[in-house]
Each structure stands twice: as structure tokens, then as C-alpha cells.
Amino acid sequence: MVYKLLSFGFFIFLIFPEKNLDGGECMDINWQFIISTLPLYQKAAWITIKLGFWGTLLSVIIGLVCSIILYFRIKVLKELVEIYVELSRNTPLLIQLFFLYFGLTKLGITMSETTCAITGLAFLGGSYMSEAFRSGIEAVSKTQIESGLSIGLSQTQLIRYVILPQAFAVTMPSLAANCIFLFKETSIVGAIAIAELMHVTQDVIGMYYQTFESLFMLVVAYLIIILPLSFLLSWLERKVRYAEFGN
Amino acid sequence: MQNLGINVLFEGTTLQRLFEGLMMTAGIAFLSIIIGSFLGVGMGLLRTSKSKVVQFICRFYLEVFRIIPILVWLFIVYFGVTNALDIHLDGEIVAVIVFSLWGAAEMGDIVRGALESLPKHQIESGKAIGLSFWGLYRYVLIPQAVRRMLPGAINLSTRMVKTTSLVVMIGVIDVVKVGQQIIERSVIKVPTASFWVYGLIFILYFIICYPLSTLSKKLEAKWEN
């Protein structure tokens, strides 16, 4: 936690160029400019948060479904899921987005930018989440499953009451890492014309040539989004660790 | 008309140009992986040091790269640092610098994890038979740690290869940029060009990354017992 807070201080140091330190010619940070572009960044930050939230939520759902399909080895579907996981894990998000946004339109599948971005994030995140859940499910010990079956639970009940709660606790750390990863990946979505933080920064640099101020705002905005998220996730991690006991 | 669309890939020098773009991407990735690994091993050794200050600096360095997206780092170096120091850096060089530093941070964490997971009695027996500090690392710790860190290191390499696709955003003529040029040239004659070109780039990345990630999975499974 301390490290994360300190990195904040580091960026502020980084943004002030070295010229400042010799006390010679001071490069002023244009606070007026920062205040005037604040609404732009505020709006962009909300878009980033919205994309990250929906992307994460959908990828958790996709990951859960995929890992259950893999667990029960459902025919055909299992192969499809395996192909999907390999395809999405081994290609960069930027290419996936370009393919979805520019490529598929030509075949008549047209999505709005936001839908496209969330689809892309979910497509990428789904496979990461599914890997995380899979390893969690594998970590649930055989005795747990067998005792569940022996007291007469059905398959659905077994998943709902025995496997998932325990798997969830084991996967929580990688789930948290994936969640932060997805929020960071939203920076790429700007490439398909969504006015999120990265895109707005590019615009502002292009329009006003206030490079320092724009990058400064960008970094601060990401810190404001990701630091609380990472604290929240590590709090959650501590909360759901009950299943580790007794193993 | 789809059978016409795919022809765009085989016209003129399209394939050759895409390949040249891919080589640029692969070159950046390769250089960064090499530099990043060397720096990362040093970083990992530093992180096992007992000094609190060294530990603190290294940990801090890692967090800095974990919190801020890589694309933002590329922008900071490409626009911010060059501006501050009043120098010019090519996009390619910026990419190699950023990816190497990032690779060093992540690699350092992998190396540290591997070194710390080694049982304590290995170090103690090494010391007991009178090995020097370097001897201990050279003959006892590193050979064992390499096994534990190789799957993670290969995974990191695939991540770095995938992330090199971002260099198009700082003006490097990589495979994505070449693809865009080809699409723009032929979009009037062949409207479905973007589908085929981006599809091909998608597959190209898959062809590079899939063997690597499969290898890492295999190694992990093999060395687990």
C-alpha cells in the first residue's frame, strides 16, 4: 500500500523536468490550462471507468461459463472454448479491436464504438478469467466434491454451494490482477475513437501542445482510478480467504 | 464477392510489406526481451537482498510499472521525456526503452519468486560446504531457480510480443501500420480489405504467440513434480 501511494509522489516528481531542479530557468506548470481541461478529463475518466467496469463484469461471466464447460467436459462446447481461449490469449487487444471495429463492419456486422470496445475487452478478459477460474476449480479438493455428492447434492447444487465458493476464494488474487489488467487495457480502446483518457490526452496534446500538463493529468487520472481499485481488491481478497483454512 | 476480397493479400508486394512490418515488431520485441531479461535477473538478485532500502526501491520500481498502463509509459517517454530533456528519440528507440524497463520490472519479480521459493536448506548446505557468494549463486541457486522461472519468463515474453502492437500509436511503422496503409490504398477497389488484412495480422500474432504459450504450459506441467 505504501509503495502504491509513493508511486504517486514519484510521478509528480517525474513530470517536473530536470531543468526545474537547477533553479535556473523554471518551467512553469500551466495550472490555468489544467483547470480549463479538467472537465474534459473528468468526462474521459468516467468513460474509462464505465468501460473497465462492464468489460470486467462481462469477462467474469464469460470466464465462469467457460470454466464450468471445461470442468464438465461438455462435448463440442469444450473444444470451442479451448479454441476461444487460445485465440484470445495469444493475440493483442489492439488487433482484436481493429478486427472487430474495422474488419467485421465489412461483413455487415456493425457495432457502435462502445459496444465494440466492451466486446473486445470481454473477449480478451473472458479467457484470462476462465484460466483463473479453472485453476481455482482444480484446487477444490476431491474430498469436498465427494462429500457433497454423498450427502445427495445435485450437480447444480454442488457447483453453487461447494465448488464455486471455494474456487472463488482461491482465484481471488488472480481475479484481482485480471481486473486491474482490464482497467489498464482500456487505454488501448482509444484507438477506435472512444473519448477515453488516452484518446483525450492525444487530442489535447495535438491541439494545445501542452505536453507536460496533459500527461500529468493523464497519469493522475489513472492513479485516481487504479489505486482505489487495487485497495478495494486487496481488501476483498482478505475477506474471501475463508476457504483456504482447513486445507 | 469475398473470393475477390482475399486477393488483396496476394497483390503486388503486400505480403512482403506486411512481413517487413512484422520483422520490425519482432525486432523490437526481441531486443526488449533480451535487455529486459538481463536487467530483470539483476533486479531479481537485488530484490533478495537484505537491505531494506534496496528492497524498497526495487519494489517501488515494479509498482510504478504495474499501476500505469504501458501505452501511457510510451507516451510519457515519447512526448514527455523527450520534451523535458530537449532531445529527439525515434519511436523504435522509445519502444525498446519502455519495454526493456517494463520487462526488467516484471522479470525481476519472476526471478525473486523463483529464488525465494527455493528451500532454505539449499542455501545453508551451500554455505556449509564453503561456497563463496558467487559460487553459491552460480552452482546452487541459479540452476534450480531457472527451472522455476522459465515458464513465467516465457509467458512474459508472449505478453511483451503482444504489447509491441501498441508501438503503432507512437508512429513506428510496424505490422499494424503497414496493414493500415494497405487497407487505405485498396479500400475503394476492395471494400472488404480491412477484414482480410486485420484478419491476417490477427493470425500472424497468433502464430508467434501460440507456440510460446504452449511451450510454457508444457514446461510448467513437466517441472511441477
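Keep in mind it's a predicted model, so treat the numbers as computed, not measured. Letters A, B, ... mirror the listed sequences (proteins, then strands); counts begin at 1.
Residues B:F206 and A:L87 are in side-chain contact: their nearest non-hydrogen atoms beyond the backbone lie under 4.5 Å apart. Residues A:F99 and B:F195 are in side-chain contact: their nearest non-hydrogen atoms beyond the backbone lie under 4.5 Å apart.
Within the 4.5 angstrom heavy-atom criterion, only side-chain atoms of B:V168, from C-beta onward, approach chain A. Residue contact with chain A, scored on non-hydrogen atoms closer than 4.5 Å, is absent for B:Y78. At a 4.5 Å heavy-atom cutoff, the contact between A:I188 and chain B is made by backbone and side-chain atoms alike. Using a 4.5 Å cut-off between heavy atoms, B:S165 contacts chain A through both its backbone and its side chain.
Put simply, CD on A:E185 and CG on B:L166 are 7.5 Å apart, with the number rounded to the nearest 0.5 Å. For the atom pair A:N90 CG and B:L212 CG, the distance stands at 8.5 Å (nearest 0.5 Å). The NZ atom of B:K162 sits 9.5 Å away from the CG atom of A:L93 when rounded to the nearest 0.5 Å. Note that the OH atom of B:Y198 and the CG atom of A:L104 stand 12.5 Å from one another [nearest 0.5 Å]. Rounding to the nearest 0.5 Å places OG1 of B:T163 at 10.5 Å from CG of A:L94. Here A:L215 contributes atom CG and B:F79 contributes atom CZ; the two are 8.0 Å apart, rounded to the nearest 0.5 Å.
Atom NZ of A:K50 is surrounded by 12 or fewer heavy atoms from other residues, nucleotides or ligands within 6.0 Å. Counting heavy atoms of neighbouring residues, nucleotides and ligands inside a 6.0 Å radius, atom CD of A:E79 exceeds 12 of them. Surrounding CZ of A:F181 are more than 12 heavy atoms belonging to other residues, nucleotides or ligands, all under 6.0 Å away. Atom CD1 of B:I87 has more than 12 heavy atoms from other residues, nucleotides or ligands within 6.0 Å.
When B:G80, B:G199, B:S194, B:G179 are compared by the number of non-hydrogen pairs under 4.5 Å with chain A, B:S194 comes out ahead.
A:T91 approaches B:Y205 most closely through the heavy-atom pair CG2-CB, 4.3 Å. Residue B:I68 comes nearest to A:L223 through the heavy atom pair CD1-CD2, 4.1 Å, listed as atom of the first residue, atom of the second, then distance. In this structure, B:V72 and A:M198 approach most closely via the heavy-atom pair CG2-SD, 3.7 Å.
A:K184 contributes no side-chain N or O that, together with a main-chain N or O of B:L71, makes up a donor-acceptor pair within less than 3.5 Å. The backbone N or O of B:P69 sits nowhere less than 3.5 Å from a side-chain atom of A:S187 that would complete a donor-acceptor pair.
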In sequence, state the C-alpha distance, the side-chain angles, and the governing distance for A:F98 and B:V176, and then conclude on side chain to side chain contact (heavy atoms under 4.5 Å, CB included).
CA-CA 9 Å; A:F98 277 170; B:V176 184; 3.5 Å; yes
